[in-house]
Amino acid sequence: MLQQTTVQTVLPYYHAFLEVFPTVEALAESPLDAVLARWSGLGYYSRARNLKRAAERVVEEHGGSIPDDRERLQRLPGIGEYTAGAILSIAFSRREPVLDGNVIRVLARLFLLAGDPRKQPLRNVLWTLAARMVPADDPGDFNQGLMELGATVCAPRSPTCGSCPLATICGAGRAGRAGEFPTPQPRPVTVPVRLAAAVISSCRGFLMVRRARAGLLADLWEFPGGEIQRRGDAQAQLARLLLDRHSLRVTVGRELARFGHSITNRRMTVIAFEARLEGARRAVPPGSSWVDPGDIGSYGVSSMALKILAGVGRQRP
DNA sequence: AACGCGTGGTG
DNA sequence: TCACCAAGCGT
């Protein structure tokens with residue numbers, strides 16, 4: 001959960017998750033949809049699928065015990081160099097380093113290391129430094145302390161060097177150049193996108209569709225709709241979209257919710273419209289289903305769907 | 001190696 | 001409002 005996600009965001013998810021899946025066996029035996037439901041809103045949903053698969057393999061291949069060596073750990077899905085180091089040092093008290101965004105920042109400033117820290121050759125230099133620094137006694141505490149320093153004092157912007165315990169030995173801090181490290185890297189341009197979604201309700205709930213098995217928000221449920229042109233009649237475009245993509249003939253009504261949403265390099269404006277099916281009530285198209293709003297979390301919906309639902313007021317139709 | 005993958009906080 | 005960044009990993 002903590003991969004690319006802050007502690008504050010993770011904490012409530014973590015506690016709820018452990019309530020439902022208290023053991024590796026419980027996680028391994030639970031349906032994937034139940035796992036995704038507890039992940040709903042946290043993002044990077046591949047992490048949930050990887051975690052579930054890793055639990056299955058720990059049960060099947062390791063007798064239910066987490067491996068305590070780097071080779072076997074990194075063979076589990078979702079566990080890379082960083083996570084293996086975190087598990088080994090924190091859980092098993094092994095003298096193994098961690099290198100995350102926080103440690104990268106602290107080390108780059110301590111040693112005035114310029115360049116892209118995520119690429120070679122600097123990446124190797126940082127791992128070597130981290131490995132040489134970690135002590136044999138309480139390596140987990142040391143690693144967590146290093147990460148915590150980066151998350152609090154040695155912050156990305158406006159670091160508080162005046163209250164830093166490493167101020168006297170920090171190259172960048174002593175030079176008053178902490179803001180120059182690590183070297184900022186160019187980012188891909190963000191593309192503005194406009195999305196329209198249809199909120200179609202009946203006595204059986206909301207009509208939702210399951211996204212493709214691969215790609216963006218893979219396998220998650222959403223309100224039917226998609227990208228529309230910035231110009232033009234949004235309602236008409238949405239009706240055409242539902243007909244083309246889902247063979248749904250609908251009348252689009254009033255706007256229910258509008259909000260901004262960002263995914264990777266896309267900056268989206270999402271507009272949700274009330275809509276109703278035209279003509280005789282037919283079977284819903286394949287991949288779609290009437291969803292009870294009370295069960296919405298059990299379908300692994302994304303935060304986009306949750307925001308739309310909030311706009312609807314979470315009321316049973 | 002470079003890119004895709006979510007969401008929330010911050011200045 | 002918006003760019004930037006976060007306890008990275010898989011392909």
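Letters A, B, ... are given to chains in the order of the sequence lines, protein chains preceding strands, and every chain is numbered from 1.
- With DNA chain B read from its 5' end, the first of the two nearest nucleotides for Ser46(A) and Gln8(A) is the one closest to Ser46(A).
- Side-chain contact between Glu19(A) and His15(A): absent, with no pair of heavy atoms (C-beta onward) separated by less than 4.5 Å.
- Look at Gln4(A) and you'll find a side-chain N or O under 4.0 angstrom from OP1 or OP2 of dG8(C).
- Judged by distance alone, the side chains of Arg47(A) and Asn50(A) never bring a donor and an acceptor atom under 3.5 Å apart.
- Nucleic acid contact for Asn50(A): sugar-phosphate only, since backbone atoms but no base atoms lie under 4.0 Å from a heavy atom of the residue.
- Taking only side-chain nitrogens and oxygens, His261(A) never comes nearer than 4.0 Å to OP1 or OP2 of dG6(B).
- Within 4.0 Å of Gly41(A), counting heavy atoms only, lie sugar-phosphate atoms of the nucleic acid but no base atom.
- For dG8(B), the base has no donor-acceptor partner in the side chain of Thr5(A) [N/O atoms by modelled type, under 3.5 angstrom].
- For the pair Asn102(A) CG and dG9(B) C1', the computed distance is 14 Å after rounding to whole Å.
- With rounding to whole Å, Leu149(A) atom CG is found 14 Å from dA6(C) atom P.
- Residue Arg47(A) places its side chain closer to dG6(B) than to any other of dG6(B), dC2(C), dA1(B).
- As rounded to whole Å, 14 Å separates atom C1' of dG6(B) from atom CG of Leu195(A).
- Side-chain nitrogen and oxygen atoms of Thr83(A) include none within less than 4.0 Å of the OP1 or OP2 phosphate oxygen of dA7(C).
- Residue Tyr44(A) places no side-chain N or O under 4.0 Å from the OP1 or OP2 atom of dA6(C).
- Phe259(A) has its CZ atom 11 Å from the P atom of dG8(B), to the nearest Å.
- Counting heavy atoms from C-beta on, the side chains of Val209(A) and Arg245(A) never come closer than 4.5 Å.
- Put simply, the side chain of Arg70(A) gets close to the backbone of Glu81(A): a donor and an acceptor are under 3.5 Å apart.
- Minimum atom distance to the side chain of Arg267(A) is reached by dA3(C), of the listed dA3(C), dG8(B), dT7(B).
- Arg157(A) contributes a side-chain N or O that forms a donor-acceptor pair with the base of dC4(C) under 3.5 Å.
- The two atoms that bring Tyr13(A) and Met1(A) nearest to each other are O-CE, 3.9 Å, heavy atoms only.
- Listed nucleotides: dG8(C), dA6(C), dG6(B). Nearest to the side chain of Gln3(A): dG8(C).
- Among the protein residues, Gly150(A) comes within range of no part of the nucleic acid, since none of its heavy atoms lies under 4.0 Å from any strand.
- Separating the P atom of dC5(B) from that of dA7(C) is a span of 23 Å, rounded to the nearest Å.
- In this structure, Ile104(A) atom CD1 and dA7(C) atom P are separated by 10 Å, rounded to whole Å.
- Residue Lys119(A) places none of its side-chain N or O atoms closer than 4.0 Å to OP1 or OP2 of dA1(B).
- Within a 6.0 Å sphere centred on CD of Gln120(A), heavy atoms belonging to other residues, nucleotides or ligands number more than 12.
- Regarding Asp141(A), its CG atom lies at a distance of 18 Å from the P atom of dA7(C), rounded to whole Å.
- Residue Arg266(A) has a polar side-chain atom (N or O) positioned under 4.0 Å from OP1 or OP2 of dC5(B).
- With distances taken from any side-chain atom of Thr190(A) to the nucleotides dT7(B), dA3(C), dG8(B), the minimum falls on dA3(C).
- Between the side chains of Thr83(A) and Gln3(A), at least one donor-acceptor pair of N or O atoms lies under 3.5 Å.
- Across all strands shown, Pro184(A) has no heavy atoms under 4.0 Å from either base or sugar-phosphate atoms.
- The CG atom of Leu216(A) sits 14 Å away from the C1' atom of dC3(B) (whole-angstrom rounding).
- Across the interface with DNA chain C, nearest-nucleotide mapping of Pro77(A) and Leu2(A) shows Leu2(A) to be the residue nearer the 5′ end.
- Rounded to an integer number of Å, the gap from CZ of Arg49(A) to C1' of dC5(B) is 10 Å.
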